[in-house]
Amino acid sequence: MLELNQIRKVFHPGTVNARTAIDGLDLKLEKGDYVTVIGGNGAGKSTLLNAIAGTFPLDAGTITLDGRNITGMPEYKRAAFLGRVFQDPMMGTAPTMMIEENLALAARRGKFRGLKWGISGKERAEYKKLLGTLELGLEERMSVKVSLLSGGQRQALTLLMASLKLPKLLLLDEHTAALDPVTAAKVLDITDRIVTENGLTTLMVTHNMRDAIAHGNRLIMMDAGRVVLDIAGEDKKKLTVPELMALFSKVSAADEANDKMLLT
Amino acid sequence: MDFILPILNSLPGAAAQGLIWGIVAIGVHMTYRVLDIADLSIDGSIATGGAVCVMLIRAGANPWVAMLCAFLAGAAAGLITGLLHTKCGIPAILAGILTQLALYSVNLRILAAKSNQAISVDRYGLVVSQRYVHNVDLSNPLPLLVIIVAILIAVLYWFLGTERGCSLRATGANRNMAKAQGINTNSNIVLGLVISNGMVAFAGALLSQYQGSADVNMGRGAIVIGLAALTIGEVFFNKIFRNYALRLMGIVFGAVIYYIVLQIVLQFGLNTNDLKLFTAVVVAIFLMIPYLKGKWPKRAGKEARSA
């Protein structure tokens, strides 16, 4: 499904601030894989997701999605195949537009946007039903501006938007990190439901080791712009947080590893 | 009480000017509010519109054709600003200033190397003219201006409700989100600038006919007058109007209010040389209001009302 081949990204090359964020990374995802991504600050997790989304051009390597080379494709074109939810709840929605307008925008991802009316009555009914599944009461507030929603409500809405037109790949970049624990758990529940119901291939970055173990069928750990650990299937199910911590210090070989990881 | 009569007498003129500048203000709304870009090229494109219109009418063109050409000339100016910004990475404000500066030379060329070209309503069949603003018959420019403004608002309201229009609003509201939803934000920014500058140039075409001449300096400070109308309209009418088309109308009302206030202060003896200073102060005050409102603690009564 997704194949990253020797991808590399250096920020600020040729300056004293030069930093290799992704260092010859290889990764292959099968269709339906639900992969959690962990690693310390600066390990390259977000950069990896942004590289796939096309936020910046790569220095080397290729990205193939569903047999199609998307390495040089501009961000807005790739979006046709991708669903994205960001860490910052402000980033995934248009605050000055209504809930239903945001959904209508997402429903047209990858389609030509012409002079037809931006949202149809049939769509509204459909969105009402979908919003109902979030159980946040948003189905009664469809013409409310998104700026009035809480962070958790926005992330849930962004998730819905990301999966509305089923993407080939769902990219979740620490999408619960800015939420309180209760809301975060709820958004993760919604995530699990949406991913499994639709069989979405998913990459989910998280800072939370317990979440990384509890969710998905595969776990990768990143360090210094590379994948240093890849655990799937039964091995992942049996994994515990202390084991994962031990593995991390072993593979990363960095003294301050423990400080860098958030222990939760 | 002898100042009342001149003020009343100047009201129709103020209304006509306000309606024309209301179109400029809607153009400013398109960039400054919808796209979240401060576009300074309109100072040039308003004069471009006026120049193109006047020169074409003098050459014997139908005034409506001349106005359409003025719209297209302004749209081209917007295209240049848009491409400088999106394709060449020049910050939007600078891109607008560059276009504005370049347009000064272009406008002088259009005006056949003169800074001012007159157009007499006696010799040409102009669409609107200041001379008839006090007439109580069909030659009065006000009804036609109201119709033109209403049509422009209707078209813009419709457009911003379409799929393309929604994607344009999303581009202004949140670029990141727009890109993640597959929206080509760059082409939308260019499109918005094209529409805005086209409208402003169209207003310039109306203005040149109304005042009977096109002047290379007629656009100086246009962005500030547009902002004045926009902010006055928003401060007074956004609370009353919820509907977007009505809010656009509120912006035009803002322009009319601005010109009425201007007539009043002129009547009270404001030196015309101080007009720009006056305008800048008005805009500064109205831009301050929303910010200062946010800083002051709300009174309990107000809180209850807004909740």
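Chain naming here is simple, since letters A, B, ... match the order of the sequence lines and numbering starts at 1 in each. Values below: all heavy atoms of this structure, side chains included; hydrogens, waters and symmetry mates excluded.
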Legend entry - Close side-chain approach of Thr162(B) and Arg113(A), heavy atoms under 4.5 Å: no

Legend entry - All pairs passing ring pair (Phe, Tyr, Trp, His ring centres under 6.0 Å) where residues 183-203 of chain B contributes a residue, at least two apart: none

Legend entry - Backbone of Leu115(A) reached by a side-chain donor or acceptor of Glu163(B) within 3.5 Å: no

Inset, instruction - Report the C-alpha distance between Arg169(B) and Glu101(A) in whole Å, list the side-chain angles of each, state the deciding distance to 0.1 Å, and finish with yes or no for side chain to side chain contact (heavy atoms under 4.5 Å, CB included). - result: CA-CA 10 Å; Arg169(B) 279 155 60 210; Glu101(A) 286 178 325; 2.7 Å; yes

Inset, instruction - Measure the CD-CG distance between Gln181(B) and Leu103(A) for me, rounded to the nearest 0.5 Å. - result: 9.5 Å

Inset, instruction - Measure across Trp117(A) and Tyr157(B) and return the closest heavy-atom pair with its distance rounded to 0.1 Å. - result: CH2-O, 4.4 Å

Legend entry - For chain B, which residues of residues 70-80 of chain A have heavy atoms nearer than 4.5 angstrom: Glu75(A), Tyr76(A), Ala79(A)

Legend entry - Atom pair CG/CE of Asn176(B) and Met90(A) - distance to nearest 0.5 Å: 13.5 Å

Legend entry - Residue Ala53(A) versus chain B: region with a heavy atom under 4.5 Å: neither

Legend entry - Shortest non-hydrogen contact between Thr96(A) and Ala173(B), atoms and distance: OG1-CB, 3.3 Å

Legend entry - Under 3.5 Å: donor-acceptor pair, side chain of Asn174(B), backbone of Met91(A): yes

Inset, instruction - Verify the neighbour count for atom CZ of Arg68(A): are there more than 12 heavy atoms of other residues, nucleotides or ligands below 6.0 Å? - result: no

Inset, instruction - Carefully, step by step, assess Arg108(A) and Cys166(B) under the rule side chain to side chain contact (heavy atoms under 4.5 Å, CB included). - result: CA-CA 11 Å; Arg108(A) 284 159 182 75; Cys166(B) 284; over 6 Å; no

Inset, instruction - Nearest 0.5 Å please: distance from the CG atom of Leu105(A) over to the CD1 atom of Ile183(B). - result: 5.0 Å

Legend entry - Crowding at NZ, Lys145(A) (>12 non-hydrogen neighbours, <6.0 Å): no

Legend entry - Side-chain heavy atoms of Met161(A) within contact of Met177(B), under 4.5 Å: yes

